Engineer: 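Would you mind keeping the following structure in view while I ask a few things?
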Amino acid sequence: MIAISFVPDIKRVFMYHGAEHKTVYCNEAGLELTPENARQFSRLHPRCGAVADQILFALLGIEKPTSRGRILRSLLTLPIVTGVSYEVLKGLAHAGDSLIVRILRWPGMMLQYLTTREPDASMLEVAIASMKAAKAGPARYSE
């Protein structure tokens, strides 16, 4: 993950990921969605489920397969992992800030240091436009 973060295109993806998190935080804070407002927030977000599949596989005792096996396993279990991850992250988001909640969030937060980068203003504008479109609903995406 560290090595590929130096590839220019991947670095940009990680910057957009950071812009997404900052925009979500800005929206949750009830502030106007502007690059200036979003910039002040962290690029790390507690509901980003980057490591949930690995934790689930470890808990279920699923061995580390070959590269092809990992891809197949990930594709086959995607609906289950996504559903479980969503529910766990949603629960943790509303669980306060106790020590146990921080411990449960910690692996995902640490991974986000690798999968996010500080975005530039244009990336924040893209994330804000996406947030506004998502909030408006499918019938108004074209606007």
Side-chain angles (χ1 to χ4, degrees), residues 1-60 62 64-65 67-143:
M1 190 68 78
I2 292 170
I4 68 164
S5 71
F6 292 104
V7 175
D9 287 342
I10 299 300
K11 183 178 179 181
R12 285 185 54 80
V13 168
F14 290 170
M15 291 170 76
Y16 276 108
H17 190 196
E20 172 195 355
H21 287 189
K22 287 175 172 279
T23 300
V24 168
Y25 263 133
C26 185
N27 183 65
E28 291 172 344
L31 297 177
E32 180 183 0
L33 292 174
T34 66
E36 297 76 28
N37 285 343
R39 183 173 283 110
Q40 67 185 315
F41 292 95
S42 173
R43 70 178 208 256
L44 308 180
H45 198 281
R47 285 194 312 274
C48 183
V51 297
D53 61 338
Q54 296 306 314
I55 292 171
L56 182 62
F57 295 140
L59 290 173
L60 295 176
I62 297 174
K64 291 185 176 186
S67 295
R68 285 185 185 148
R70 276 195 308 269
I71 292 169
L72 182 60
R73 176 193 69 188
S74 294
L75 289 174
L76 292 174
T77 60
L78 184 63
I80 297 165
V81 170
T82 303
V84 169
S85 299
Y86 174 78
E87 293 301 329
V88 168
L89 292 171
K90 186 171 79 169
L92 288 174
H94 301 289
D97 199 35
S98 70
L99 178 61
I100 190 71
V101 170
R102 284 182 286 169
I103 289 169
L104 291 171
R105 286 182 186 155
W106 188 81
M109 298 297 280
M110 294 302 100
L111 186 60
Q112 288 178 58
Y113 278 109
L114 298 175
T115 64
T116 64
R117 293 285 182 269
E118 285 298 323
D120 63 29
S122 68
M123 293 171 176
L124 288 170
E125 289 173 5
V126 170
I128 288 168
S130 298
M131 173 65 78
K132 287 179 178 178
K135 288 175 65 175
R140 298 187 61 196
Y141 283 167
S142 63
E143 295 175 20

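Nothing here was measured: the structure is a model prediction, and the numbers come from that model.
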Engineer: Please enumerate all residues that pass side-chain hydrogen bond (donor to acceptor under 3.5 Å, both in side chains) together with Thr116, with sequence neighbours excluded.
Structural biologist: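 side-chain hydrogen bond (donor to acceptor under 3.5 Å, both in side chains) list for Thr116, sorted by chain: Arg43.
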Engineer: Using side-chain hydrogen bond (donor to acceptor under 3.5 Å, both in side chains) as the criterion, list what pairs up with Arg12, not counting sequence neighbours.
Structural biologist: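 Arg12 satisfies side-chain hydrogen bond (donor to acceptor under 3.5 Å, both in side chains) with Tyr16 only.
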Engineer: Do you know the tightest heavy-atom contact between Thr23 and Met131?
Structural biologist: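 It is CG2-CB, 3.7 Å.
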Engineer: List the atom pairs, donor and acceptor, that lie under 3.5 Å between side-chain atoms in residues 24-32 and the rest of the protein, sequence neighbours left out.
Structural biologist:
unit_1	atom_1	unit_2	atom_2	d
Tyr25	OH	Leu44	O	3.3
Asn27	OD1	Lys135	NZ	2.9
Glu28	OE1	His45	NE2	3.2
Glu28	OE2	Arg47	NH1	3.0
Glu28	OE2	Arg47	NH2	2.1

Engineer: Determine which pairs satisfy salt bridge (charged side-chain N to carboxylate O under 4.0 Å, His left out) with at least one residue from residues 13-27, sequence neighbours left out, and list them in order.
Structural biologist: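 Qualifying pairs, neighbours excluded: Lys22-Glu118.
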Engineer: Partners of Asp9 by side chain to side chain contact (heavy atoms under 4.5 Å, CB included), sequence neighbours excluded?
Structural biologist: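 Counting only residues at least two positions away or on another chain, Asp9 forms no side chain to side chain contact (heavy atoms under 4.5 Å, CB included).
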Engineer: What residues form a side chain to side chain contact (heavy atoms under 4.5 Å, CB included) with Val7, not counting sequence neighbours?
Structural biologist: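 Expected list: Ile10.
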Engineer: Return the set of residues passing side chain to side chain contact (heavy atoms under 4.5 Å, CB included) with Ile2 (not counting sequence neighbours), or none when no residue passes.
Structural biologist: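 Ile2 satisfies side chain to side chain contact (heavy atoms under 4.5 Å, CB included) with Phe6, Leu114 only.
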Engineer: Mind listing the side-chain donor-acceptor pairs of residues 119-130 below 3.5 Å, one per line with the distance, residues two or more places apart or on another chain?
Structural biologist:
unit_1	atom_1	unit_2	atom_2	d
Asp120	OD1	Ser122	N	3.1
Asp120	OD1	Ser122	OG	2.7
Asp120	OD1	Met123	N	2.9
Ser130	OG	Val126	O	3.0

